[in-house]
Amino acid sequence: MYFKTIDFSKYSSIKVGQPAEVLMIEKGDSIPKDRYLIGGANNLLISPTPPPFMMLSKDFATITQKGDILTIGAAMPTGRIVSYTKKHDIAGFEFCSKLPGTLGGMLAMNAGVKEYEIFNILHSIKINGEWVLAKEIEHGYRFAKLGSIATHARFKIKKGFDQTLLDALLNLRSNQPHEPSAGSAFKNPKNDYAGRLIEAVGLKGERKGDMQWSNIHANFLINLGEGTHKDAIYLIDLAKERVLTTFNITLKEEIKLL
Ligand SMILES: Cc1cc2nc3c(=O)[nH]c(=O)nc-3n(C[C@H](O)[C@H](O)[C@H](O)COP(=O)(O)OP(=O)(O)OC[C@H]3O[C@@H](n4cnc5c(N)ncnc54)[C@H](O)[C@@H]3O)c2cc1C
């Protein structure tokens with residue numbers, strides 16, 4: 001293992017944070033228990049006083065095929081998974097396109113688009129050196145109880161990369177905000193949409209400093225340049241408070257506040 005300085009104002013997708021010394025885990029290292037693991041930082045909001053971080057090194061950015069099993073390392077970026085499965089005509093990973101992050105982050109969040117979620121196609125995950133079947137892991141909408149760090153995952157190979165599905169999903173994303181964000185800030189409450197609720201309480205487009213609830217998609221907290229953690233938290237708390245007062249609904253953050 002070794003330390004690497006990562007500047008979260010550049011590395012995180014929402015461009016908030018500061019430089020931190022991150023412990024890089026290499027193959028064969030035992031994984032510390034007192035550090036928070038980050039993947040691609042596409043779902044994080046980093047405070048000025050974050051916990052100590054660690055990250056899986058490129059030793060875990062692997063992808064191998066054996067028989068009908070595809071094994072992918074948790075540090076593998078989603079974009080490379082899509083290009084690999086396209087090249088090898090493998091079905092099921094089309095939805096990972098334009099879903100920024102690493103496989104590890106996808107597993108921990110049960111990331112997905114519409115009805116497509118990573119757990120739907122997952123066979124098993126390697127956690128603490130043991131393979132655990134996906135069906136034995138508690139999971140749901142944007143949540144999975146991994147209990148510890150996932151280093152690899154296995155998928156049963158199904159042939160037939162679906163370019164039409166990929167194109168349809170890309171089209172769906174074409175109206176998303178282009179400014180830096182961490183994707184959806186809140187999970188959708190049952191039978192409703194966080195974006196609709198934020199808009200209904202008059203916060204679509206609301207700005208504090210350089211942070212804003214996007215005019216295009218109200219559940220996207222965007223950074224217009226010099227947005228700070230403090231401004232982001234102000235807008236998050238404001239939305240939660242207004243939605244609770246108006247609709248008696250408690251919005252739950254999808255982004256991880258660290
Ligand atoms: C523009 C934009 C659009 C987005 N659209 C979507 C969308 O449509 N659907 C969706 O689901 N998400 C979406 N997101 C959120 C994000 O893409 C996903 O949550 C993604 O899976 C995060 O991956 P990451 O590697 O960046 O994880 P990080 O943000 O670094 O971490 C997220 C969580 O995963 C945990 N984690 C990371 N790696 C591991 C591991 N190896 N083992 C255990 N835990 C781990 C972290 O501890 C943290 O709790 C979007 C984000 C952006 C910026």
Side-chain angles (χ1 to χ4, degrees), residues 6 8 11-17 20 22 24-25 31-33 35-46 50-62 72-82 93-120 122 125-129 132 137 139-153 169-170 172-188 193-195 214 216-217 219-223 232 253-258:
I6 295 183
F8 285 94
Y11 183 73
S12 71
S13 59
I14 197 166
K15 310 291 178 217
V16 169
V22 176
M24 302 299 294
I25 309 293
I31 296 177
K33 298 244 178 294
R35 287 183 171 262
Y36 190 92
L37 184 85
I38 46 168
N42 290 283
N43 204 50
L44 310 179
L45 180 64
I46 309 237
F53 289 132
M54 60 180 168
M55 216 170 151
L56 296 173
S57 74
K58 62 176 174 4
D59 292 356
F60 297 90
T62 51
I72 309 179
M76 182 58 104
T78 48
R80 280 173 60 196
I81 298 175
V82 177
F93 295 86
E94 296 84 354
F95 76 95
C96 303
S97 183
K98 291 279 166 94
L99 206 162
T102 61
L103 177 67
M106 288 197 78
L107 295 170
M109 299 303 300
N110 188 17
V113 180
K114 297 182 84 181
E115 69 269 38
Y116 306 96
E117 289 179 341
I118 194 76
F119 264 73
N120 297 351
L122 182 67
I125 310 184
K126 199 173 189 181
I127 303 170
N128 292 330
V132 186
I137 299 171
H139 64 276
Y141 165 60
R142 299 296 168 270
F143 133 89
K145 212 169 174 181
L146 302 184
S148 191
I149 305 308
T151 54
H152 301 84
L169 291 170
L170 288 181
L172 196 80
R173 310 232 121 200
S174 60
N175 63 349
Q176 261 184 9
H178 294 297
E179 296 87 352
S181 77
S184 296
F186 296 111
K187 297 184 186 196
N188 287 324
Y193 293 96
S214 167
I216 297 174
H217 188 319
N219 194 22
F220 268 55
L221 191 58
I222 57 169
N223 187 347
E253 289 90 356
E254 181 171 322
I255 52 176
K256 306 275 181 198
L257 307 176
L258 299 177

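Every number for a ligand or one of its atoms is a count from 1 in the order of the listing. What you see is a predicted model; the values in this text were computed from it and never measured.
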Checklist entry - atom 12 (N) of ligand 1: which protein heavy atom is closest, and how many Å away? => result Leu99 CD2, 3.8 Å
Checklist entry - At their closest point, which heavy atom of Ile14 faces which heavy atom of Asn223, and how far apart are they? => result O-ND2, 2.9 Å
Next on the checklist: Could you tell me if the side chain of Tyr141 sits less than 4.5 Å from the side chain of Asn188, heavy atoms only?
Outcome noted: yes
Checklist entry - Mind checking whether Phe53 and Phe8 have parallel, tilted or perpendicular rings, split at 30° and 60°? => result tilted
Checklist entry - What about Asn110: any of its N or O atoms under 3.5 Å from an N or O on ligand 1? => result no
Checklist entry - N/O of Ala74 under 3.5 Å from N/O of ligand 1, yes or no? => result no
Next on the checklist: Contact between ligand 1 and Ser12 is defined here as a heavy atom of the residue under 4.0 Å from a ligand atom; is it met?
Outcome noted: no
Next on the checklist: Give me the nearest non-hydrogen protein atom to atom 46 (C) of ligand 1 as residue plus atom name, then the distance to 0.1 Å.
Outcome noted: Leu37 O, 3.2 Å
Next on the checklist: Tell me if a side-chain donor or acceptor on Ser148 pairs with a main-chain N or O of Ile127 at a distance below 3.5 Å.
Outcome noted: no
Checklist entry - Is there a side-chain contact between Ile6 and Met55, using heavy atoms and a 4.5 Å cut-off? => result yes
Checklist entry - Of the backbone atoms (N, CA, C, O) and the side-chain heavy atoms from C-beta on, which set of Ser148 has a member under 4.0 Å from an atom of ligand 1: side chain, backbone, both, or neither? => result backbone
Checklist entry - Does any N/O atom on Asn43 come nearer than 3.5 Å to any N/O atom on ligand 1? => result yes
Checklist outcome for this item: for atom 27 (O) of ligand 1, nearest protein heavy atom and its distance come out as Gly105 CA, 3.5 Å
Item to check | Nearest-option assignment for atom 6 (C) of ligand 1, heavy atoms, candidates Lys98, Met109, Arg173 | outcome: Arg173
Checklist entry - Which bit of Lys256 is near ligand 1, meaning a heavy atom under 4.0 Å away: side chain, backbone, both or neither? => result side chain
Checklist entry - Which residue owns the protein heavy atom closest to atom 20 (C) of ligand 1, what's the atom, and how far is it? => result Pro100 O, 3.5 Å
Next on the checklist: To check your reading of the model: name the closest protein heavy atom to atom 9 (N) of ligand 1, its residue, and the distance in Å.
Outcome noted: Gly112 O, 2.7 Å
Next on the checklist: Any nitrogen or oxygen of Ser181, side chain or backbone, less than 3.5 Å from one on ligand 1?
Outcome noted: no
Item to check | Region of Leu56 engaging ligand 1 - heavy atom pairs below 4.0 Å | outcome: side chain
Checklist outcome for this item: atom 51 (C) of ligand 1: of Pro177, Gly101, Gly183, the nearest heavy atom sits on Gly183
Checklist entry - Do Asn110 side-chain atoms and Phe119 backbone N/O form a donor-acceptor pair below 3.5 Å? => result yes
Checklist outcome for this item: In this structure, atom 42 (N) of ligand 1 is nearest to the protein heavy atom Ala150 N, 2.9 Å
Checklist entry - Nearest protein heavy atom to atom 31 (O) of ligand 1, by residue and atom, and its distance? => result Leu44 CD2, 3.7 Å
Next on the checklist: Any nitrogen or oxygen of Val113 lying under 3.5 Å from a nitrogen or oxygen in ligand 1? Just yes or no.
Outcome noted: no
Next on the checklist: Please compare Ala108, Ala182, Ser13 and report which has the shortest non-hydrogen distance to atom 44 (N) of ligand 1.
Outcome noted: Ala108
Next on the checklist: Tell me whether Ser57 contacts the main-chain N or O of Ile25 through its side chain, where contact means a donor paired with an acceptor under 3.5 Å.
Outcome noted: yes
Next on the checklist: For ligand 1, which is the ligand I care about here, please tell me if Ala41 has any N or O atom under 3.5 Å from one of the ligand's N or O atoms.
Outcome noted: yes
Checklist entry - Quick one: are Ser214 and Ile222 in side-chain contact, heavy atoms under 4.5 Å? => result yes
Item to check | Heavy atom of the protein closest to atom 49 (O) of ligand 1 (residue, atom name, distance) | outcome: Tyr36 OH, 2.6 Å
Next on the checklist: Please give me the minimum heavy-atom distance between Ala150 and Leu56, naming the atom from each residue.
Outcome noted: O-CD1, 3.7 Å
Checklist outcome for this item: For Asn120 and Glu115, the nearest pair of non-hydrogen atoms, with its separation, is ND2-O, 3.0 Å
Next on the checklist: Could you check whether any side-chain N or O of Arg173 sits under 3.5 Å from a backbone N or O of Lys98, counting only pairs where one atom can act as donor and the other as acceptor?
Outcome noted: yes
Checklist entry - Are any non-hydrogen side-chain atoms of Ser181 and Leu221 less than 4.5 angstrom apart? => result no
Item to check | Interatomic spacing from CZ in Phe60 to CD1 in Ile149 - rounded to 0.5 Å | outcome: 10.5 Å
